[in-house]
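We use all heavy atoms of the structure for the numbers below, so side chains are in, but hydrogens, waters and symmetry mates are not. Lettering of chains follows the sequences in order, A, B, ..., and the numbering in each one begins at 1. None of the values given here were measured: they were computed from a predicted structure.
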There are 2 protein chains.
Amino acid sequence: MPRDRGNVRRRMREAALELFLEKGYDGTTAAEIAARAGVTERTFFRHFPDKREVLFNEAELHARLDAAIAEAPPRLGPLEAVVWAFQSLAPMFEENRPLAEPGRAVIAQTPALQERQLAKTASITRAITEALQRRKIEPALAGLAAVTGMAVTGHALQAWVQDPSLPLVEHFEQAFQALKQLSKPAPR
Amino acid sequence: MPRDRGNVRRRMREAALELFLEKGYDGTTAAEIAARAGVTERTFFRHFPDKREVLFNEAELHARLDAAIAEAPPRLGPLEAVVWAFQSLAPMFEENRPLAEPGRAVIAQTPALQERQLAKTASITRAITEALQRRKIEPALAGLAAVTGMAVTGHALQAWVQDPSLPLVEHFEQAFQALKQLSKPAPR
DNA sequence: TGCTTTATGTCAGTGACTGACAATAGAGGT
DNA sequence: ACCTCTATTGTCAGTCACTGACATAAAGCA
């Protein structure tokens, strides 16, 4: 019965998001999601290890970040390389926006999903750290650049959701500049 | 039937830890934990919102941290206040060590528990941020001091588990000194 | 002693997730 | 067009986390 191959996954993601917006995450059963996608509950759990995963797409982000950090100009420092990598992924974020934006809303009101979000952030941070080490950055510095880069990125994505008029690239740039302001002057 | 009052909770925590060490987290059912504590599964879920919570003790830590940060000497800066607060809670950590140490081992090999751990860390970080703001620290600085303080504390606790010969207070001190080293010199 | 409150037991039910096995659609070869 | 082989999916039964409703007994108090 392999009729759609990779499309089944996408259909289930879309069906899930629709239902979550209609009835909330807790009010939606995995069987309902599967049904709307024209498939069985069992198939749902073959594609996603658990119900929460339907809202996240870590694998793709992970792979693209790995590649982007490797391709960043060698002259760039660790934090700059991270920012550069996210900048280069901006088109992907823009493209996924129709799904990502309402997804954030659902996550925001569901503790179980916020928890998973934290785990995903941690996982991506580890991935960035390793990618930086492949650029011959020492581990401690790589880790620091990774968490900082993730924080800046998260901030920029947040701002982008609230103000879609500005392109994501600009939000990245602003957040990065704000960080520089923070670390520069000794106040008072 | 209120015979033990608060003791039931402690008995269930101990029973859970024992069983987790014997059969692993996933191999242990909530009913088994309850049975070993001489109680019903339903009672277990009356005391803990879910199975994972049996391994964490956020409420107490949260309350004590709030108080400790409020009591820290006024002359201390935000990060110093956080470190001071954790220092003052060292006796509590030392006392809970028999439970906390094996608990860490269980968490380390159970993804579901690591996820919850991240959530707890985030929650405590928020609590510290708010406590610092009550000391008239501006929000951005308070948040930065909170995450930094949590990172230093986590590092110290990690080291303490691996080297119990040194008192926890010393580990806190060492980790704090290490942080200062990191932020001081501009390498190369 | 009788009454109220509180912690627990009992029971039935939902929903997430899993293992085992059967059934079918598609690719590729003949 | 027919056959074969493999990747996916459907079906079914079962475990376990978690919940609501109601009954019950212990503890505190009048």
Whole angstrom is fine here: how far is it from CG in B:Asp26 over to P in C:dT18? 10 Å

Polar-atom pairs under 3.5 Å, protein N or O versus N or O of nucleotides 19-22 of chain D: list them with distances, or write none.
unit_1, atom_1, unit_2, atom_2, d
D:dG20, N7, B:Arg42, NH2, 2.8
D:dG20, O6, B:Arg42, NE, 2.7

Tell me the interatomic distance from B:Asn7, atom CG, to D:dA27, atom C1', rounded to whole angstroms. 15 Å

Under 4.0 Å from OP1 or OP2 of C:dT8: is there any side-chain N or O of B:Thr43 that close? no

Heavy-atom check, side chain of B:Val152 versus side chain of B:Phe86, under 4.5 Å: no

Charged N to carboxylate O under 4.0 angstrom, B:Arg10 versus B:Glu14? yes

Expressed in angstrom and rounded to an integer, what is the separation of B:Arg116 atom CZ from D:dA17 atom P? 14 Å

Whole-Å gap separating C1' (C:dG9) and CZ (B:Phe44): 17 Å

When the distance from CD of A:Glu53 to P of C:dA16 is rounded to whole Å, what number comes out? 15 Å

Lys/Arg N to Asp/Glu carboxylate O, B:Arg52 vs B:Glu115, below 4.0 Å: no

In whole Å, I'd like the distance from the CD1 atom of B:Ile33 to the P atom of D:dC18. 10 Å

Side-chain atoms of A:His47 come closest, of C:dT8, D:dA17, D:dT9, to D:dT9

Does A:Glu53 pair with A:Arg116 as a salt bridge, N-O distance under 4.0 Å? yes

d(CE, B:Met12; C1', C:dG9) in whole Å: 14 Å

Between A:Arg104 and A:Leu157, which heavy-atom pair has the shortest distance, and what is it? NH2-CB, 3.3 Å

Between A:Lys51 (NZ) and D:dC16 (C1'), how many Å, whole number? 16 Å

Using every non-hydrogen atom in the two residues, find where B:Arg13 and B:Asn57 come nearest and quote the distance to one decimal. NH2-OD1, 3.6 Å

